[in-house]
**Student:** 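If you scroll down you'll find the structure; I have some questions about it.
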Amino acid sequence: MADLKRTPQTKALNDKVIERHHVTREKDGLEYIELRLLSFEAGGTYQEHLDGLEVCAVVLTGQVTISDETETFENIGTRDSVFEKIPTDSVYISHNHDMTITANKEAKVILCYSPSENQLPTQLIPAASNRIEKRGKYSNKRMVHNILDDESPISNSLIVVEVYTDSGNWSSYPPHKHDQNNLPHESFLEETYYHEVDPGQGFVFQRVYTDDRSLDETMAVENENVVVVPKGYHPVAVPDGYNSYYLNIMAGPIKKWQFHNDPDHEWILDRK
């Protein structure tokens, strides 16, 4: 059985900062993605040297100040809950910088990492720059906030999006994958899902499977769980009465999101 689901932890980094998740390439079987989820009390500070990693710091909730020791972005963050369904602010910092995050009030920040060698400028990604799109129809509807899409020049490898799926709908559906370096037909991108559920006692289902079923796992995913998708199809189902939020990190050898639908289920796209 594959071990794809990560439950939140409580690791105190100092008296005002809690590490809730830390997915690493070495520990979690990935080559292109790492992530860290941090919870801050007001005044809490986190510092890190970005050794060979670029990062997109997404302010999930609250407000923080982020610095790379040269540039500083103050009071960024737009919401107190991800389920306000409004875009938020993020900051991109390239590798080999020193990053400092200080919470102006209680906050939650997800750090999205990928290996990097090409130095790029530090940039604020304001909420207003997020491209918002609605995808799907029938019971396959979701709303997407594109923080870093595959056409963004801001990052080398990172693709970062937020996805909202309403009660009773499916997402990442019909099942699709992107685990073959076979452009223009399909790209190779690893992926992680950071999930939140409203109300918080709820759950969603996520299946990760390959054509030959050598990987085939279906998981009940609860609030603040992370799912690692090294390969395969990866649909999400949201039960009645609950709403789903997830943040996706994608990265691979080429920054291109070209997916391949499961041919057994692609027919639903042609329904009248």
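Given the structure is predicted, the values throughout are model-derived calculations rather than measurements. Values below: every heavy atom of this structure, side chains too, minus hydrogens, waters and symmetry copies.
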**Student:** Nearest 0.5 Å please: distance from the OG1 atom of Thr78 over to the CG atom of Leu60.
**Tutor:**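 One gets 10.5 Å once the value is rounded to the nearest 0.5 Å.
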
**Student:** More than 12 heavy atoms of other residues, nucleotides or ligands under 6.0 Å from CD of Glu106: is that the case?
**Tutor:**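 For Glu106, atom CD is not crowded (no more than 12 foreign heavy atoms under 6.0 Å).
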
**Student:** Quick one: do the His97 and Glu71 side chains pair a donor with an acceptor below 3.5 Å?
**Tutor:**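 No, no side-chain donor-acceptor pair sits under 3.5 Å.
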
**Student:** To the closest 0.5 Å, what do you measure between CD1 (Ile76) and CD (Gln63)?
**Tutor:**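 Going from CD1 on Ile76 over to CD on Gln63, the span is 9.0 Å.
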
**Student:** So that I can tick it off, tell me whether Glu196 and Lys108 are bridged by a salt bridge, with the cut-off set at under 4.0 angstrom between side-chain N and carboxylate O.
**Tutor:**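 Yes, this pair counts.
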
**Student:** Could you check whether Thr218 and Gln206, counting side-chain N and O atoms only, form a donor-acceptor pair closer than 3.5 Å?
**Tutor:**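 Thr218 and Gln206 do not have a side-chain donor-acceptor pair below 3.5 Å.
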
**Student:** More than 12 foreign heavy atoms under 6.0 Å from NZ of Lys11: is that the case here?
**Tutor:**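 Open.
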
**Student:** Backbone N or O of Val228 within a donor-acceptor pair of the Lys5 side chain at under 3.5 Å?
**Tutor:**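 The answer is no, because no donor-acceptor pair under 3.5 Å joins these two groups.
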
**Student:** If you measure from the Lys or Arg side-chain nitrogens to the Asp or Glu carboxylate oxygens, is any gap between Asp166 and Arg142 under 4.0 Å?
**Tutor:**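 Salt bridge: no.
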
**Student:** Taking NZ in Lys141 as the centre, count heavy atoms belonging to other residues, nucleotides or ligands within less than 6.0 Å. Is the count above 12?
**Tutor:**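 Open.
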
**Student:** Could you measure the distance from the CG atom of Asp150 to the NZ atom of Lys256? Nearest 0.5 Å is fine.
**Tutor:**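 If we round to the nearest 0.5 Å, Asp150:CG and Lys256:NZ are 5.0 Å apart.
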
**Student:** For atom CD of Glu26, decide whether the heavy atoms of other residues, nucleotides or ligands shown that lie under 6.0 angstrom number more than 12.
**Tutor:**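 No, CD of Glu26 has 12 or fewer neighbouring heavy atoms, counting only those of other groups under 6.0 Å.
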
**Student:** Examine distances only and state if a side-chain atom of Asn14 and a backbone atom of Lys16 form a donor-acceptor pair shorter than 3.5 Å.
**Tutor:**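 Side chain of Asn14 to backbone of Lys16: a pair is present.
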
**Student:** Linking I/L/V/M/F/W/Y whenever any side-chain heavy atoms sit under 4.5 Å apart, do Leu13 and Val226 land together?
**Tutor:**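 They do not share one cluster, since no chain of ILVMFWY contacts under 4.5 Å joins Leu13 to Val226.
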
**Student:** Any luck finding a side-chain donor-acceptor pair between Asn75 and Asn104 under 3.5 Å?
**Tutor:**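 Note: Asn75 and Asn104 side chains meet the donor-acceptor criterion.
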
**Student:** What heavy-atom pair brings His265 and Pro175 nearest, and what distance separates the two atoms?
**Tutor:**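 Looking at all heavy atoms of both residues, the shortest contact is CB-CD, 3.9 Å.
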
**Student:** What's the separation between atom NE2 in His21 and atom CG in Asn225, rounded to the nearest 0.5 Å?
**Tutor:**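 Spacing of NE2 (His21) from CG (Asn225) equals 6.0 Å.
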
**Student:** Consider only side-chain heavy atoms of I, L, V, M, F, W and Y, link residues closer than 4.5 Å, and tell whether Met143 and Leu148 are in one cluster.
**Tutor:**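 Yes, same cluster.
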
**Student:** Just say parallel, tilted or perpendicular for the rings of Trp257 and His178, cut-offs at 30° and 60°.
**Tutor:**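 Perpendicular: the ring planes of Trp257 and His178 meet at over 60°.
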
**Student:** Compare every heavy atom of Leu50 with every heavy atom of Ser94, then report the nearest pair and how far apart it is.
**Tutor:**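 The answer is O-CD1, 3.6 Å.
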
**Student:** Whether the side chain of Gln119 engages the backbone of His95 through a donor-acceptor N/O pair (distance < 3.5 Å, no angle test) should be reported.
**Tutor:**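 Flag set: sc Gln119 to bb His95 pair under 3.5 Å.
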
**Student:** Which pair of heavy atoms, one from Arg135 and one from Glu133, lies closest together, and at what distance?
**Tutor:**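 What the structure gives for the nearest pair is NH2-OE2, 3.0 Å.
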
**Student:** For the side-chain contact (heavy atoms from CB on, under 4.5 Å) test, which of Lys85, Arg79, Glu84 pairs with Val82?
**Tutor:**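 Output: one option passes, namely Arg79.
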
**Student:** Please find the pair of heavy atoms, one from Asn223 and one from Gly200, that lie closest to each other, and give the distance.
**Tutor:**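 Residues Asn223 and Gly200, closest heavy atoms: CB-O, 3.4 Å.
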
**Student:** Taking all heavy atoms of Val109 and all of Ala57, pick out the closest pair and write down the distance.
**Tutor:**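 Closest approach of Val109 to Ala57: CG1-CB, 4.3 Å.
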
**Student:** Do the charged groups of Glu224 and Arg20 touch, with an N to O distance under 4.0 Å?
**Tutor:**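 Yes.
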
**Student:** Please check if the side chain of Asp179 supplies one atom and the backbone of Lys231 the other of a donor-acceptor pair under 3.5 Å.
**Tutor:**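 Not confirmed, Asp179 side chain does not pair with Lys231 backbone.
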
**Student:** Would a distance-only check, ignoring hydrogens and angles, find a side-chain to backbone donor-acceptor pair under 3.5 Å from Asn169 to Asn140?
**Tutor:**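 Looks like yes, one N/O pair under 3.5 Å.
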
**Student:** If you take the centroid of each ring, where Trp contributes its six-membered ring, are Tyr164 and His145 closer together than 6.0 Å?
**Tutor:**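 Ring centres of Tyr164 and His145 closer than 6.0 Å.
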
**Student:** Considering only NZ, NE, NH1 and NH2 on the basic side and carboxylate oxygens on the acidic side, decide whether Lys255 and Asp149 come within less than 4.0 Å.
**Tutor:**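 Asp149 and Lys255: not salt-bridged.
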
**Student:** Treating Ile, Leu, Val, Met, Phe, Trp and Tyr as nodes and any side-chain heavy-atom pair under 4.5 angstrom as an edge, say whether Tyr194 and Leu111 lie in one connected cluster.
**Tutor:**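 Shared cluster, no.
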
**Student:** Do Glu54 and Ser114 have side-chain N/O donor and acceptor atoms under 3.5 Å apart?
**Tutor:**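 Per modelled atom types, Glu54 and Ser114 side chains form no pair under 3.5 Å.
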
**Student:** Take a 6.0 Å sphere around NZ of Lys134 and say whether it holds more than 12 heavy atoms from other residues, nucleotides or ligands.
**Tutor:**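 Open: at most 12 neighbouring heavy atoms sit under 6.0 Å from NZ of Lys134.
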
**Student:** Check the side chains of Thr122 and Asp68 for a donor-acceptor pair under 3.5 angstrom, ignoring hydrogens and angles.
**Tutor:**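 Yes - a donor-acceptor pair under 3.5 Å links their side chains.
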
**Student:** Between Glu48 and Arg36, does at least one N-O distance fall below 4.0 Å, as a salt bridge requires?
**Tutor:**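 A salt bridge is present here (some side-chain N lies under 4.0 Å from a carboxylate O).
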
**Student:** For a quick check under 3.5 Å, do Tyr209 and Asp262 share a side-chain donor-acceptor pair by atom type?
**Tutor:**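 Their side chains do contain a donor-acceptor pair, which is all the 3.5 Å distance test asks for.
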
**Student:** Quickly, which of Ile125, Val59, Leu124 forms a side-chain contact (heavy atoms from CB on, under 4.5 Å) with Ser90? Name it, please.
**Tutor:**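 That would be Ile125.
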
**Student:** Going from CZ on Phe188 to NZ on Lys177, what distance comes out if it is rounded to the nearest 0.5 angstrom?
**Tutor:**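 Separation between the atoms: 10.5 Å.
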
**Student:** Show the nearest heavy-atom pair for residues Ser167 and Asn243, with the distance to one decimal.
**Tutor:**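 That closest heavy-atom pairing would be N-OD1, 3.0 Å.
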
**Student:** Between Arg271 and Glu266, does any side-chain N to carboxylate O distance fall below 4.0 Å?
**Tutor:**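 No.
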
**Student:** Could you tell me whether a side-chain N or O of Asp89 sits under 3.5 Å from a main-chain N or O of Ala127, the two making a donor and an acceptor?
**Tutor:**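 Checking the backbone N and O of Ala127 against the side chain of Asp89, a donor-acceptor pair under 3.5 Å is found.
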
**Student:** Scan Tyr245, Trp170, Tyr246 and name whichever one has a side-chain contact (heavy atoms from CB on, under 4.5 Å) with Thr165.
**Tutor:**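 Single side-chain contact (heavy atoms from CB on, under 4.5 Å) partner of Thr165 among Tyr245, Trp170, Tyr246: Tyr246.
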
**Student:** With respect to Asn248, which candidate in Glu162, His234, Glu191 satisfies the side chain to side chain donor-acceptor pair (under 3.5 Å) definition?
**Tutor:**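 Of Glu162, His234, Glu191, side chain to side chain donor-acceptor pair (under 3.5 Å) with Asn248 is met by Glu191 alone.
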
**Student:** With side-chain contact (heavy atoms from CB on, under 4.5 Å) as the test, pick out the partner of Ile66 among Thr72, Ile93, Thr102.
**Tutor:**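 Testing each of Thr72, Ile93, Thr102 against Ile66, the sole residue satisfying side-chain contact (heavy atoms from CB on, under 4.5 Å) is Ile93.
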
**Student:** Can you find a side-chain donor-acceptor pair between His49 and Asp98 that sits under 3.5 Å?
**Tutor:**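 Distance-only check passes for His49 and Asp98.
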
**Student:** Could you measure the distance from the CD atom of Gln123 to the SG atom of Cys56? Nearest 0.5 Å is fine.
**Tutor:**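 So the gap between those two atoms works out to 11.0 Å.
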
